[in-house]
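See below for the structure under consideration.
Quick caveat, the model's predicted, so the values are computed rather than measured.
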Amino acid sequence: GNKLRKMDALLPRIQAQGATHVLTCGGCQSAHTTAVAVACAERGMRAHVLLRGEPLKVPTGYNLLTHMHSEVTYVSRSEY
């Protein structure tokens, strides 16, 4: 709830300034990255998410939802 409320306040402001894409990062099962991805998709924006670690063999939970609503790039733990 709280993460989505923050996006409800932030995304209209950056959209009004012409933003069409949002970049964020987090852990593999991050609720934050999922909230950003879903909120952007609801507003017709594109979310790009950098996830720390390796891709899961079978995406589940927040990881699956993030994949469904954003463009995901994995970053190794050492590079992150």
Side-chain angles (χ1 to χ4, degrees):
N2 194 32
K3 291 170 184 60
L4 284 176
R5 282 192 295 279
K6 287 179 183 177
M7 293 296 104
D8 286 342
L10 177 65
L11 292 181
R13 289 180 182 181
I14 65 171
Q15 259 187 318
Q17 295 178 11
T20 57
H21 296 244
V22 174
L23 173 67
T24 194
C25 59
C28 194
Q29 290 286 359
S30 169
H32 163 77
T33 59
T34 301
V36 171
V38 170
C40 284
E42 288 177 344
R43 287 167 179 76
M45 299 178 77
R46 299 217 23 185
H48 301 272
V49 176
L50 303 175
L51 291 181
R52 179 186 65 245
E54 304 300 321
L56 300 177
K57 291 180 183 174
V58 179
T60 60
Y62 286 133
N63 185 265
L64 176 61
L65 292 171
T66 300
H67 273 276
M68 291 170 61
H69 297 289
S70 68
E71 190 172 313
V72 174
T73 301
Y74 285 90
V75 179
S76 70
R77 293 179 193 283
S78 62
E79 291 177 316
Y80 194 85

Show every donor-acceptor pair shorter than 3.5 Å between a side-chain atom in residues 31-41 and any protein atom, with sequence neighbours excluded, or say none if there are none.
from  : atom 1 : to    : atom 2 : distance (Å)
His32 : NE2    : Thr24 : OG1    : 2.6
Thr33 : OG1    : Ser30 : O      : 3.1
Thr34 : OG1    : Ser30 : O      : 3.1
Thr34 : OG1    : Tyr62 : O      : 3.0
Thr34 : OG1    : Thr66 : OG1    : 2.7

Linked, directly or transitively: Val22 and Met7 (ILVMFWY side chains, under 4.5 Å) = yes
May I ask you to list the residues sharing a hydrophobic cluster with Met68, side-chain cutoff 4.5 Å, ordered by chain and number?
-> Leu64, Leu65
Return the set of residues passing ring-ring contact (aromatic ring centres under 6.0 Å, His included) with Tyr74 (not counting sequence neighbours), or none when no residue passes.
-> His67
Which residue pairs pass the side-chain hydrogen bond (donor to acceptor under 3.5 Å, both in side chains) test when at least one of the two sits in residues 46-56, sequence neighbours left out?
-> His21-His48, Arg46-Glu71
Ser78: what forms a side chain to side chain contact (heavy atoms under 4.5 Å, CB included) with it, not counting sequence neighbours?
-> Ser76
Non-hydrogen atoms of Gln29 and Leu56 that approach each other most closely | NE2-CD1, 3.6 Å
If you round to the nearest 0.5 Å, how far is CD1 of Ile14 from CE of Met45?
-> 4.0 Å
Hey, could you give me each pair passing side-chain hydrogen bond (donor to acceptor under 3.5 Å, both in side chains) that has a residue in residues 7-16? Not counting sequence neighbours.
-> Asp8-Arg43
